[in-house]
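In listed order, ligands and their atoms are each counted from 1. None of these values were measured; they are calculated from a predicted model.
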Amino acid sequence: MRLTEAEFRTLGYRAVDMAAKYFVEVPRGPVFQRMHASERQALMNMPMPVAPLSGDEILRLIGEQILPHAMGNGHPRFFGWVNSPPAMLAVITEIVAAAMNPSCAGGDHAAIYLEHCVIRWLMNLVGFPIEGSAGLLVSGGSAASLTALAAARHRALGQLGIDVRKQGVGNHARLRLYASAEVHSCIQKAVELLGLGSDSIRWIEVDEDFRMSLDHLRRAVREDREQGWHPFCVVASAGSVQTGAIDPLDALAGFAAESNLWMHVDGAYGAAAMLDPHSRPLLEGMERADSIALDPHKWLSVPVECGCVLVRDGALLRDTFSLVPAYVRTEPGKGIGNLPWFAEYGMQQTRGFRALKLWVTLANAGTLGLGQQMARQIALARYLAERVDAAPDFELRSKGPLSIVCFRYVPEEIAGNEEAVDALNKKVMEQMQAAGKAFVTSATLAGRFALRACILHYDTTEADIDAMLQAVEDAARRVME
Ligand SMILES: Cc1ncc(COP(=O)(O)O)c(C=O)c1O
């Protein structure tokens with residue numbers, strides 16, 4: 001476990017050299033390459049060493065067997081899912097976080113105050129009230145929404161006279177949660193984990209821009225009340241995972257308030273667009289939510305993992321989770337006692353020093369730098385949508401409003417044959433992923449398969465977009481041959 005200072009420096013510099021070389025080489029190589037079966041086996045079946053391996057040996061193994069097989073999201077032509085490259089300065093400072101190795105459960109040390117600082121920054125960013133609210137860094141968007149919905153459930157059952165922490169969910173209430181079919185799957189997962197069962201979700205229709213229909217929501221809530229359900233929560237997307245659609249947040253907030261519904265906003269992908277002055281108006285109303293899930297490890301490029309949950313009623317969030325065993329109980333102003341422990345606001349006790357990489361990333365880019373980067377990426381998405389729209393063999397399926405574009409390749413020979421178009425595009429995606437020129441993933445829109453490009457890389461240019469479209473055509477030609 002212990003290295004001498006000289007060893008630490010030598011090995012540390014070597015690790016930095018490896019990462020620096022990686023950053024230089026990634027854009028020059030294929031976006032992604034499948035590993036050979038033997039390479040996978042070598043990693044999975046590695047025996048646990050009995051005799052110690054030296055630092056030299058371990059770095060050599062990392063360089064040979066691990067570093068060459070990255071996921072691909074470091075490459076400027078990676079357009080898959082919602083995975084960004086890491087902010088480079090935060091990569092460097094991770095060594096400091098690991099060296100300090102605090103548990104951010106709570107206590108009186110710098111990591112705690114830095115977390116309070118970045119939470120306040122994020123609250124400011126989304127216009128959330130600071131007084132009385134609470135926030136917590138978590139592993140990602142899924143954990144953020146789970147935490148928020150636990151608070152929503154706690155409030156809803158409390159209003160029905162049920163102490164869910166004591167009595168459990170049982171058959172006490174037919175709680176109903178509303179979300180559009182475009183909402184991320186983590187919401188259903190959270191509902192299931194919270195013991196409500198996925199039947200308690202009522203799926204709300206979307207309009208032609210994939211935004212939740214307020215009319216349908218109103219109707220659904222009315223019907224459910226008549227049928228003995230207890231509507232308790234509406235989940236709105238601020239940047240849905242498939243298309244980046246933003247639900248009508250302000251109108252939903254108004255409806256939620258008048259209907260005693262908890263409004264949770266899943267802004268894991270899109271809330272960060274608040275940094276772009278042109279996109280900010282699209283997110284109006286988000287600040288009225290009861291809770292927001294944000295994901296700095298997505299568009300803000302904070303190295304994975306870093307999610308964040310914000311809850312307007314901080315005391316309620318504490319009530320939902322707080323359980324302070326005697327061995328971690330402190331009194332304000334005494335010993336290590338100071339602010340309430342973060343561990344009281346979520347399910348983790350030992351918590352990593354996520355705040356450092358978030359703070360480094362935000363401070364190093366500044367709100368100005370981040371806003372400009374987002375504006376550039378949204379402009380690239382517009383460029384892609386225009387190119388797709390103008391090309392006879394391409395069909396635009398969704399074009400924003402953020403940095404996601406969905407489209408299909410529809411050559412004249414199979415136009416109108418939906419099954420054939422689906423099958424072709426699926427094969428095109430698979431070919432592209434394996435070929436390594438550009439990486440796209442998929443979306444299912446109105447029941448049909450579409451290629452989906454999400455632009456999150458700080459180095460992506462129009463030339464990369466052109467290359468991606470060329471890769472689609474090349475793959476389609478190969479498939480059709
Ligand atoms: C809109 C949205 N919500 C939630 C999530 C889940 O976030 P995480 O993967 O960080 O748990 C994602 C992930 O892509 C997402 O795009």
Side-chain angles (χ1 to χ4, degrees), residues 71-73 78-86 122 126 135-150 177 179-194 201 203 206 209-212 233-247 249 252 263-274 279 282-283 286 289 291-310 346-348 352 354 357-358 361 374 377 381 398 400-406 439-445 452-457:
M71 175 181 159
N73 49 324
F78 181 91
F79 302 107
W81 304 294
V82 195
N83 296 108
S84 54
L122 292 181
V126 295
L136 190 71
L137 296 183
V138 292
S139 60
S142 307
S145 283
L146 175 63
T147 308
L149 294 182
L177 176 143
S180 89
E182 292 296 313
V183 85
H184 191 269
S185 55
C186 72
I187 300 301
Q188 176 170 338
K189 232 188 217 184
V191 168
E192 291 173 9
L193 279 171
L194 290 168
I201 303 177
W203 302 105
V206 291
D209 292 324
F210 306 100
R211 291 153 43 95
M212 190 192 295
C233 182
V234 57
V235 179
S237 296
S240 64
V241 62
Q242 292 214 106
T243 66
I246 301 172
D247 287 332
L249 302 175
L252 287 172
M263 171 152 149
H264 174 64
V265 173
D266 178 3
Y269 157 57
M274 285 294 281
S279 303
L282 301 172
L283 295 159
M286 179 166 64
S291 56
I292 304 180
L294 303 132
D295 230 356
H297 69 201
K298 290 193 161 61
W299 213 345
L300 294 181
S301 277
V302 174
V304 169
E305 302 167 343
C306 188
C308 176
V309 57
L310 304 178
M347 46 169 214
Q348 268 186 286
R354 297 187 177 106
K357 56 189 173 182
L358 174 54
T361 305
M374 264 152 212
Q377 287 156 342
S398 83
L402 301 175
S403 69
I404 299 176
V405 176
C406 296
F439 194 103
V440 293
T441 50
S442 67
T444 306
L445 301 178
R452 171 185 171 284
C454 178
I455 300 160
L456 293 183
H457 200 298

Side chain to side chain donor-acceptor pair (under 3.5 Å) with Q188: which residues, sequence neighbours excluded?
E192
Just by distance, no angles: are the side chains of Y269 and S237 close enough, under 3.5 Å, to form a donor-acceptor pair?
no
How about L146 and C186: do any of their side-chain heavy atoms sit closer than 4.5 Å?
no
Write down, by chain and number, every protein residue that brings a non-hydrogen atom to less than 4.0 Å from an atom of ligand 1.
V82, G140, G141, S142, H184, C186, G239, V241, D266, A268, D295, H297, K298
Can you name the closest pair of heavy atoms from L283 and G270 and give their distance?
CD1-O, 3.8 Å
Minimum side-chain heavy-atom gap W203-V183 below 4.5 Å:
yes
So do Q242 and C406 actually touch side chain to side chain, heavy atoms under 4.5 Å?
no
